[in-house]
S.K.: 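Structure incoming, see below.
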Amino acid sequence: MSKIIIYDTTLRDGSQTEGVSYTVSDKVKITQKLDELGIHYIEGGWPGSNPKDKEFFEVMKSKQLKHAKLAAFGSTRRANIKPEDDANLNELIASATPTVTIFGKSWDLHVTDVIKTTLEENLKMIQESVAFLKKAKREVFYDAEHFFDGFKKNPRYAIKTIQAAQAGGADCIILCDTNGGTLPEEITKIVKEVKRKIRKPLGIHTHNDQDLAVANSLAAINVGAVQVQGTFNGLGERCGNADLCTIMAILHTKMKKKSIDEKSIKQLMDSAYYIAEISNYNLQNNHAFIGHSAFAHKGGVHIDAMLKNPLAYEHINPELVGNHRRLLTSELAGKMPIVLKAQKMNIELDKNSPEAKAIMQELQEKEYQGYQFEGADASFELFMKRRLKLYQPFFHLDGFKVYTERKIDSTVAAGATVRLKVNGNDEMATCEGHGPVEVLDRALRTALGRFYPTLKDMHLSDYKVRVLDTKAGTGAKVRVLIESQDQHDSWTTVGVHENVIEASWEALVDSIEYKLLKEKK
Ligand SMILES: [Zn+2]
């Protein structure tokens, strides 16, 4: 079974998605998730184009990846200078990644009209830049930008550009459908022709402007491309990039080609939602393979047929990609995933028990209200344990009050008072500071500090708010996600309410209860 190399560019092409903006710590988290999954290459960014990407590579120097190789992205040298004098190429070397990917021009029109140099100089720029990076002992991938459009207009020149990359020593040459306008049959024909002229391994990088990015990637793989570039959930500017989740799922379930391990394919759904949450991006329910509705059956006839034989209305077993069957109007609606998650937390739960049924119903109700637990495992665990009465709450809230004040000198201050009962004692704490959530968090911890001294070892590491659709026609709700960490671990909790402070409070309380419960174990 041949293996297809997966090259993820969520952190570079994906970060160009309208509305998506990653902090350095978001990028580190996504990198770690992709690495856990066994993705072969992770493109971290373009260090020559912005300080954030440069900082990311700085941070990554002290982090070990278990499976993936990190790649820095950049362009060929500028016209008429030496590679060693090119700031961009030097930034790539300074990033200290094992792999470097550079792009260059394949389309003659781009050479003469966009970068305004001669066709001959462009070939030198490609060959010399690749050779310079090879001399610095990097694995070098060459992205042939606009390759398919260039090939259609001037095939001889397009081929010359990738021959220049080959002569420079590129380890893999990636053909890019940068404008996303090529059709699968054109991809097949052109990749076949390129294969006759290029000895180096080929890769494919497609954009989704015609909803064909996945089809185009698979067309190239079918005729011999061994590397596929894309993003998680198809993030990317305009209509996005090729969706790696879908590609890996199809490679595994339909084409019998290996990419990442079977075990990791089963993590695809969870990982896709995790990355979507960090990206503050709403994954569509009808997303192929990994969407919530991808295996949700509603029609009465379908459900009846499904119960007799799932093959009747499903193209694969949903569990292969970590998804699950949902029968929306049935008593049996998706209890299995709950039972499986319970098992992961060492909770015994019989799928036929009344508890499982009640939990399922409550969970559906919560999801309807706007909760999403994929990105908030700690809240999910607490939800299950509360429901099954597996622990006693560590404190009870009597009440809290939060204010925000804008003063005459335009400074803004906030304060919070929290009143609690802990082991029968009344506790109260007041804190002042800058932001309402920050002071609420501090007041809560101050009130609890005397009883639970280990709380000082944890802190909030991330806070995200998302405004939810108002399906029920009530006021807009918000979902707050809070990430907390201590020396060992990080965990995420969720709260939903019309009031952002109440939603934050809910996530804060879960965060603290989770820490205390973890310590008790
Ligand atoms: Zn791209």
Side-chain angles (χ1 to χ4, degrees), residues 4-22 27 30 34 39-50 53 70-76 88 92 99-107 109-110 114-115 126 140-152 158 161-162 165 170 172-184 186-187 190-191 194 202-221 225 227-248 275 279 281:
I4 301 300
I5 302 297
I6 305 294
Y7 182 104
D8 180 278
T9 176
T10 306
L11 299 178
R12 207 261 315 163
D13 258 8
S15 74
Q16 306 292 326
T17 314
E18 185 171 3
V20 169
S21 166
Y22 295 126
K27 289 188 131 197
I30 292 177
L34 295 171
I39 299 296
H40 309 111
Y41 290 91
I42 302 169
E43 190 172 83
W46 186 344
S49 80
N50 69 75
D53 285 3
L70 198 60
F73 179 85
S75 71
T76 53
N88 166 64
L92 289 174
T99 305
V100 169
T101 301
I102 54 167
F103 75 95
K105 300 292 182 191
S106 338
W107 185 355
L109 171 139
H110 268 265
V114 180
I115 60 171
I126 296 168
V140 180
F141 293 161
Y142 177 73
D143 274 8
E145 200 193 27
H146 297 289
F147 183 81
F148 294 95
D149 291 315
F151 188 93
K152 284 190 256 177
T161 65
I162 54 177
C172 184
I173 291 167
I174 296 94
L175 309 177
C176 303
D177 186 25
T178 310
N179 293 351
T182 309
L183 297 172
E186 295 174 306
I187 300 265
I190 294 172
V191 174
V194 170
L202 297 178
I204 181 78
H205 176 122
T206 60
H207 281 253
N208 202 32
D209 300 76
Q210 307 179 94
D211 248 351
L212 287 173
V214 168
N216 282 344
S217 302
L218 298 174
I221 288 171
Q227 177 185 127
V228 57
Q229 300 194 344
T231 60
F232 253 71
N233 307 327
L235 289 177
E237 66 188 314
R238 305 193 311 276
C239 312
N241 281 57
D243 187 333
L244 286 180
C245 297
T246 312
I247 290 175
M248 288 187 286
I275 290 172
S279 309
Y281 174 83

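Numbering of residues begins at 1 and proceeds along the displayed sequence. This is a predicted model, so every value here is computed, not measured. Order of appearance sets the numbers: ligands from 1, and atoms from 1 within every ligand.
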S.K.: According to the interplanar angle, ranging from 0 to 90°, do the rings of H110 and H146 count as parallel (below 30°), tilted (30 to 60°) or perpendicular (above 60°)?
M.R.: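 H110 vs H146 ring planes: parallel.
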
S.K.: Would you please classify the geometry between the W46 ring and the F103 ring as parallel, tilted or perpendicular, with 30° and 60° separating the classes?
M.R.: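 Ring orientation of F103 relative to W46: perpendicular.
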
S.K.: So, do I126 and K105 sit near enough that their side-chain heavy atoms are less than 4.5 Å apart?
M.R.: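 Of all side-chain heavy-atom pairs linking K105 with I126, none is under 4.5 Å.
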
S.K.: State, with a plain yes or no, whether a side-chain heavy atom of V194 is found less than 4.5 Å away from one of F147.
M.R.: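 V194 reaches F147 side chain to side chain.
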
S.K.: Between the side chains of Y22 and S279, does any donor sit under 3.5 Å from an acceptor?
M.R.: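 There is such a pair (donor and acceptor under 3.5 Å, judged by atom type) between the side chains of Y22 and S279.
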
S.K.: Would you list the protein N, O or S atoms within less than 2.8 Å of the Zn ion (ligand 1), leaving out water?
M.R.: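 N, O, S partners closer than 2.8 Å: D13 OD2, H205 NE2, H207 NE2.
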
S.K.: Taking the side chain as everything from C-beta on, heavy atoms only, tell me whether V191 gets closer than 4.5 Å to F151.
M.R.: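 Counting from C-beta outward, V191 and F151 never come under 4.5 Å.
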
